[in-house]
Protein chains: 2
Amino acid sequence: MARLFIRAIQERIKPLGLSTGTFPVMLALWEKEGQTQRELVQELGVEQATMANTLSRMERDGLVIRRSHEADARVQTVWLTERAWGLREPAIEAATEVNNLATRGMSEQQRTEFTTLMSQVIANLSEV
Amino acid sequence: MARLFIRAIQERIKPLGLSTGTFPVMLALWEKEGQTQRELVQELGVEQATMANTLSRMERDGLVIRRSHEADARVQTVWLTERAWGLREPAIEAATEVNNLATRGMSEQQRTEFTTLMSQVIANLSEV
DNA sequence: TTTCATAATATAGCTTGCTATGCAAATATA
DNA sequence: TATATTTGCATAGCAAGCTATATTATGAAA
């Protein structure tokens, strides 16, 4: 299911210059810009090394820039570029389309039940 | 959810010398040995190149051997080693444990509903 | 003040997914 | 029969996940 979902969304956001690795980071930064790498790691639940590499690719591709923290030289804050801000609407539209496609034929109640159950699985597997 | 699931299962089957990439291939071959690469690709829904690489690693690690087809020189059939056969019970046990862990706190009815809904999503996204 | 531990990030090296492309064998067609 | 197409598999190269380890800056302790 995850592979199919990734394929469907990749297909639609690739023309925007986004991918399934960068999209969650964009969502987090659209919500709150200037977060540190550590904050993004905690929020998105990937390993620190994964985030470091993803941010490097995003910087290379002109989606974000990293500014060093004024108070702590170890820390870098992450900021979106102009281009990255412009992708917000079409990217979210693409994601919504895939969600609708994935849950086609379900009642509203089934959709809710499905996300509730997935959240429960996430909670169960998180506390291991 | 997929990442958490992968982590949980990886942790338990790694001591057996298996991984989330090889496990589905093992399941398919435990069920029916001697399948061709093309058959495995169709059954598991990954790309041909992915399967070729996975089978190479499995051969390297002594899980399978590839024998050339007697009638068609392009085709290779895949066979499990002694060691691979011995992993069947503990691997399935590990997977069952993770399934139980993931669905902890759900009623039997909710579990059924969950798998039904996931199957529907898979069907929906497959026919795109 | 020097040293030690901790914290934030980067890097190396692996797996597993992908697309694109190459190659050899088998099959179809001219 | 000679050529063209199709089929089965391999390889190259990338993304994104992981673990393990290195590097640098900060803060705590001696």
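Per chain, numbering begins at 1; letters A, B, ... match sequence-line order.
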Closer than 4.0 Å, any side-chain N/O of [X] to the OP1 or OP2 of [N]?
{"X": "A:Thr50", "N": "D:dA16", "value": "no"}
{"X": "B:Arg7", "N": "D:dG17", "value": "no"}
{"X": "B:Arg60", "N": "C:dC14", "value": "no"}
{"X": "A:Gln76", "N": "C:dA10", "value": "yes"}
{"X": "A:Arg66", "N": "C:dA10", "value": "yes"}

Nearest-nucleotide check on DNA chain C, A:Arg3 vs A:Leu55; residue mapping nearer the 5' end is A:Leu55
Which nucleotide wins on minimum distance to the side chain of [X], given the candidates [options]?
{"X": "A:Thr54", "options": "D:dG17, C:dA8, D:dT26", "answer": "D:dG17"}
{"X": "A:Arg38", "options": "C:dA8, D:dG8, D:dA15", "answer": "C:dA8"}
{"X": "A:Asp72", "options": "D:dG8, D:dG17, D:dA25", "answer": "D:dA25"}
{"X": "B:Ala52", "options": "D:dG8, D:dC18, D:dA10", "answer": "D:dA10"}
{"X": "A:Thr22", "options": "D:dA16, D:dT26, C:dT15", "answer": "D:dA16"}

| said: Counting distance alone, no hydrogens or angles: does the base of C:dT9 have a donor or acceptor under 3.5 Å from a partner atom on the side chain of A:Arg74? | reply: no
| said: Counting distance alone, no hydrogens or angles: does the base of C:dA10 have a donor or acceptor under 3.5 Å from a partner atom on the side chain of A:Gln48? | reply: yes
Q | Sub-4.5 Å side-chain heavy-atom contact between A:Asn53 and A:Met51 | A |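 Side-chain contact under 4.5 Å: no.
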Exercise. Is the NZ or CZ atom of B:Arg66 both under 6.0 Å from the centre of the six-membered ring of B:Trp79 and within 45° of that ring's axis?
Worked result: no
request  = For the residue pair B:Arg67 and B:Thr77, confirm or rule out a side-chain donor-acceptor distance under 3.5 Å.
outcome  = no
Do you see a donor-acceptor pair shorter than 3.5 Å between the side chains of A:Ser119 and A:Thr116? no
Judged by nearest nucleotide, the residue sitting upstream toward the 5' end of DNA chain D, A:Leu18 or A:Ala49, is A:Leu18
> What is the nucleic acid contact for B:Arg57, judged by heavy atoms within less than 4.0 Å: base, sugar-phosphate only, or nothing?
Replying inline: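 Base contact.
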